Every structure is written in structure tokens, then in C-alpha cells.
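All residue numbers refer to positions in the sequence shown, counting from 1. Both counts, for ligands and for their atoms, begin at 1 and track the order of listing. Everything numeric in this text was worked out from a predicted model, so none of it was measured.
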Amino acid sequence: MPSNLTAPDASVIEDLVSANHILFDQGVVDAFGHVSVRHPQQADRFLLARNMAPGTVTADDILQYELDGTPLDAGDRRVYLERFIHGSIFRARPDVMAVVHSHSPAVVPFSVSRKQRLLPVCHMSGFLGAGSPLFEIRDTAGDGSDLLVRDDGLGRALATSLGGANFVLMRGHGSTAVAPSLKLAVYRAVYAEINARLQMQALQLGDPEYLSAKEAQAAMASTEGQVERPWALWKADAAARRKR
Ligand code: MN
């Protein structure tokens with residue numbers, strides 16, 4: 001590590017490695033997608049793996065970045081094209097400590113539907129609040145883009161679409177979950193995918209009654225207070241899978 005960088009606690013790196021493995025094990029990310037955490041001692045930096053599949057990340061692969069996406073200790077290693085998602089949100093949202101970007105499959109249809117927003121079907125996804133905002137990249141990039149958040153300007157536009165929400169849909173691409181802790185960001189990314197599946201089933205039955213905004217707020221407070229329970233389960237499950 002270069003001498004001008006502050007090393008975060010080993011536990012922060014360890015949790016970020018676990019988050020990568022959990023998100024793969026839970027089907028939120030595949031070869032693509034990424035998870036970051038704000039540097040605990042330096043609010044203007046964040047930690048994110050080098051360009052690689054999340055399921056194979058180790059502690060040695062975690063790099064530091066400036067909020068404008070500049071990698072600080074990458075050396076010859078390639079970095080994620082869409083790292084601007086993370087830095088732009090950390091800059092716009094001081095309350096956010098972790099970000100998960102994915103293309104988790106059940107969520108994607110809600111990014112393209114002109115009629116259906118992603119709404120909280122049950123108490124486990126109260127963080128979806130009054131419904132997820134949508135990032136329409138065409139409004140910023142124009143027609144003909146590759147849909148990727150490949151520069152700081154597009155990152156800023158995404159952060160604007162996210163606003164004060166916990167989750168933003170990205171049209172024709174995927175989604176991004178944010179939270180005040182790494183464990184909660186992972187929880188929200190996993191349950192957004194579950195909620196999307198449940199919402200499609202509820203829509204097949206017809207005319208679903210979603211959580212009200214007040215119910216969503218109350219449910220979020222009670223379920224997310226227990227985030228250590230799913231984290232411990234998912235971490236053990238991911239570790240067992242890696243041994244097989
Ligand atoms: Mn992407």
C-alpha cells in the first residue's frame with residue numbers, strides 16, 4: 001500500500017470480502033456487479049475490489065478510490081468501469097456507508113415496465129418505502145449509450161435519481177442499493193431481489209395491496225435491527241459453498 005494511504009481495519013476488509021461472496025451466493029451478483037464501503041477513517045474515499053467476479057474476491061483485491069472514481073493503489077490492476085456509481089453516491093449522500101450495484105434478474109423487469117414500480121410487498125422489504133425511483137440514463141447520455149455508468153457525470157445523474165431513497169432502478173440495466181452499513185446494503189440488495197419475485201407473483205394474482213409508506217417505515221426499523229441474523233447465516237452459507 002502506498003505511504004499516503006490509510007489502511008482500514010482488517011475487519012472492514014474482511015467484511016467487504018464476505019459481502020462479495022454473500023452477494024454471489026445469494027444470486028444478487030454473477031460475474032458482474034460490485035459492492036463498496038466508505039473508508040471508515042476517510043469519508044472522502046471508498047473501498048471496492050479490482051475488476052473481477054465478486055465470488056472470487058480476496059482481501060488482496062480490495063482497492064481504495066477517491067469519490068471521483070480515481071483508483072489510488074491499483075497499480076497495473078484493472079478497475080471496474082462503473083466505479084462512478086459508488087463515488088457519486090458517497091459524495092451526494094453523507095449518510096450512506098455502503099453501496100451494492102447489481103443486475104439481479106427479477107428486479108430488471110421493474111426497471112423497464114412503464115406501469116409497475118418496485119413496491120414493498122412484505123415487511124422484509126420496508127426499505128423500498130413509497131416505491132423505488134428510476135434512473136433513465138437516456139435523459140443524461142442521450143440515445144445510443146451502452147447503459148453503463150462510465151463517468152462521473154452519469155454517476156451524478158444516478159445519485160440525483162436516487163435522491164434520499166434506499167434503492168434505485170436503472171432502466172434496462174439493473175439497480176443500486178444503499179445503506180448506512182455494509183451489512184444493511186447487502187440485506188437490501190438480497191431482499192430487493194426477493195421482493196421483485198414476490199411482486200410479480202402478487203401481480204399475477206391481481207391487484208396487490210402494498211405496504212403503506214408508514215408501514216414500510218415501521219417494518220424497516222424492526223426487521224433491519226436484526227440484520228446480524230441473516231448476515232451470519234449468509235456468511236456461513238457462502239463459506240460452506242466455497243469449500244465444496
Ligand atoms: Mn452494471
I'd like to know whether the aromatic ring centres of His101 and His86 sit less than 6.0 Å apart in this structure.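 No, they do not, as the ring centres are separated by 6.0 Å or more.
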query = Given the side-chain rings of Tyr80 and His34, with only the six-membered ring counted for Trp, is the space between their centroids under 6.0 Å?
reply =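 Ring centres of His34 and Tyr80 closer than 6.0 Å.
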Residues that Phe167 engages under ring-ring contact (aromatic ring centres under 6.0 Å, His included), provided they are two or more places apart: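 Phe167 satisfies ring-ring contact (aromatic ring centres under 6.0 Å, His included) with no other residue.
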Sequence neighbours excluded, the answer for salt bridge (charged side-chain N to carboxylate O under 4.0 Å, His left out) partners of Glu228 is Lys183
I need the His103 NE2 to Leu147 CG distance, nearest 0.5 Å.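 The distance works out to 9.5 Å.
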Review point. Closer than 2.8 Å to the Mn ion (ligand 1), how many protein N/O/S atoms do you count?
Key: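 Step by step: take the Mn ion (ligand 1), keep protein N, O, S below 2.8 Å, and you get 4.
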Acceptor/donor pairs from residues 116-123 side chains to any protein atom, 3.5 angstrom cut, sequence neighbours excluded:
none

